[in-house]
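Step one of this worksheet: look at the structure below.
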Number of protein chains: 2
Amino acid sequence: MTPPPTPPAFRPLFAQIKELIVDRIRAGEWQPGEPLPSETEFAEFYQASQGTVRKAITEMADENLVVRFRGKGTFVASHTRERALSHFFKLFRDDGGKDLPSSRPFSCRRQKATRAMEERLGLERGAGVVVIERVRLLDERPLIFEIVVVPEALFPDVCASLQDSLPNEFYPYYETKYGVRVIRAIEQLRSVAADEREAEILEIAVGTPVLEIDRVAVTYDDKPVEWRRSRCNTRDHHYLSVLN
Amino acid sequence: MTPPPTPPAFRPLFAQIKELIVDRIRAGEWQPGEPLPSETEFAEFYQASQGTVRKAITEMADENLVVRFRGKGTFVASHTRERALSHFFKLFRDDGGKDLPSSRPFSCRRQKATRAMEERLGLERGAGVVVIERVRLLDERPLIFEIVVVPEALFPDVCASLQDSLPNEFYPYYETKYGVRVIRAIEQLRSVAADEREAEILEIAVGTPVLEIDRVAVTYDDKPVEWRRSRCNTRDHHYLSVLN
DNA sequence: GAGTGGTCTAGACCACTGT
DNA sequence: CAGTGGTCTAGACCACTCT
């Protein structure tokens with residue numbers, strides 16, 4: 001007759017409402033950029049007070065799932081170029097200057113996932129993936145060499161599509177063309193030596209220290225949707241991280 | 001008769017109250033670890049509702065300035081070893097294992113600030129600084145070589161004090177011994193080649209790529225209190241960064 | 001002017017901590 | 001038990017946007 005190990009698990013009403021709304025966003029009830037129902041509408045719908053709904057939506061806004069505009073409404077977050085650059089691009093010039101990145105595609109091919117890819121992307125054995133290589137330039141100089149790996153199941157025919165559009169930022173592209181929404185990314189940083197190929201591409205000497213950024217991008221349920229390994233020349237740039 | 005460029009600047013009541021309370025914490029009215037007055041006490045004091053005070057304190061908690069415990073009260077945040085490691089130490093083992101860092105002091109000396117130090121620490125020309133060098137070990141192996149620079153004015157006789165205590169984490173030490181509270185740190189990461197000295201200390205070959213972490217730690221008014229340059233061997237470790 | 005999010009209030013009840 | 005923070009409500013007013 002011992003009490004249950006995990007007590008009845010009281011969940012605040014606002015947390016439940018938040019989960020319900022997030023589920024509906026995930027299900028695609030409102031597309032990125034579209035307005036959500038107003039707080040009062042939600043309040044009536046879920047039979048709660050406006051303040052409770054407000055708290056639910058506030059948490060969603062804190063997690064960048066939605067964006068609020070006073071007088072206008074609340075909108076499903078979208079991967080604009082602005083957001084991609086401010087939230088998901090942490091490389092800055094040492095002198096504080098601002099430069100716009102461009103990108104040069106290298107290759108795009110379909111293959112079977114390696115063990116490492118399966119593990120990082122949470123795929124089953126033998127699943128297909130698409131591997132994209134590209135160079136990102138800042139100020140017309142090659143700065144980053146990237147290998148991007150995505151599950152083929154999520155992004156069918158992405159190679160063919162890339163021929164047409166050649167987007168600079170991938171996440172807005174994933175969103176509009178495939179309905180895949182990246183909401184968070186986990187990065188592991190290391191210092192490694194540039195190999196021959198990277199050296200040539202980045203126009204540096206073989207063995208030059210480069211910053212490796214190993215990123216897994218995930219969507220709503222922390223489900224991985226992209227694995228990306230970047231090698232960055234940090235001679236005149238740095239990666240910015242703020243700790244609280 | 002044009003309207004003022006910056007409109008009257010309406011500040012919400014909760015923001016004003018927050019600022020007032022933060023000012024009082026900064027002034028030392030309550031020490032780290034000590035309880036603040038309750039929300040209802042603050043509400044009465046500032047002639048506001050409990051909900052408004054609550055919102056002010058919630059923001060302070062979000063910024064890790066205070067810690068709340070249900071049923072107990074709200075306390076000024078303190079640099080426990082836990083917090084130092086979880087919030088200000090981002091290096092982890094690749095295999096996910098956990099290892100406790102220890103540290104070996106190297107040198108501690110007083111000198112005049114270089115131009116770089118003046119700039120990073122916001123010091124006047126010719127100000128005195130204390131430069132501390134140390135090695136941090138994980139699993140008994142040297143992993144990080146650090147140069148720590150602090151203004152002498154803030155930390156008088158720190159070299160002598162360090163002889164006695166030799167703390168592993170500096171921020172709790174700054175807090176208890178000097179009343180200096182680090183609340184945020186800004187880090188710039190680069191990949192560089194280990195020089196002779198670093199190579200010897202870290203037991204690696206000269207020229208091995210190491211991760212440079214260039215950190216400025218600040219206190220309440222974003223005032224710099226420490227500049228730290230770490231060189232990390234990332235052969236079996238990585239720096240973790242989460243993007244939203 | 002109607003509708004949106006943002007602030008503020010006053011009061012209620014709950015969960016938890018101390019005594 | 002009283003006191004704390006945590007949740008929830010109902011209602012008011014403000015700042016802003018759009019029509």
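These numbers were taken from a predicted model, which means no experiment stands behind them.
To the nearest angstrom, C1' of dT7(D) lies 16 Å from CZ of Arg54(A). Look at CZ on Arg68(A): it is 5 Å from P on dG6(C), rounded to the nearest Å. Protein atom CZ of Arg11(B) is 14 Å distant from nucleotide atom C1' of dT7(C), rounded to whole Å. Protein atom CE of Met60(A) is 15 Å distant from nucleotide atom C1' of dG5(C), rounded to whole Å. Rounding to whole angstrom units, CD of residue Gln50(B) and P of dG3(D) are separated by 15 Å. Atom CD of Glu39(A) and atom C1' of dG11(D) are 15 Å apart (whole Å). Rounded to whole angstrom, the span from the CZ atom of Phe42(B) across to the P atom of dT4(D) amounts to 12 Å. Rounded to whole Å, the distance from CG on Leu13(A) to P on dA12(C) is 20 Å.
Nucleotides of DNA chain D nearest to Thr52(A) and Lys72(A) differ in position, and the one nearer the 5' end is that of Thr52(A).
The aromatic rings of Tyr173(A) and Phe170(A) lie tilted to each other, with the angle between the two planes from 30° to 60°.
Classification of Glu19(B) and Arg26(B) as a salt-bridged pair fails, no side-chain N sitting under 4.0 Å from a carboxylate O. At a threshold of 4.0 Å, the pair Arg184(A)-Glu63(A) does not count as salt-bridged, since none of the basic side-chain nitrogens sits closer than that to a carboxylate oxygen.
Phosphate contact (OP1/OP2 of dT7(D), side-chain N/O of Lys55(A), threshold under 4.0 Å): present. Between Ser49(A) and the phosphate of dC8(D), there is no side-chain N or O to OP1/OP2 separation shorter than 4.0 Å. Neither OP1 nor OP2 of dG3(C) sits under 4.0 Å from any side-chain N or O of Thr40(A).
For the pair Leu36(B)/Val66(B), a side-chain contact is recorded, criterion being any heavy-atom separation below 4.5 Å from C-beta on.
Distance from the side chain of Ser38(B) is smallest for dG5(D) among the nucleotides dT4(C), dG5(D), dC8(C). Across dT7(D), dT9(C), dG5(C), the shortest atom-to-atom separation from the side chain of Arg70(A) is found for dG5(C).
The side-chain tip of Lys90(B) does not point at the ring of Tyr239(B) from less than 6.0 angstrom away and within 45° of straight on.
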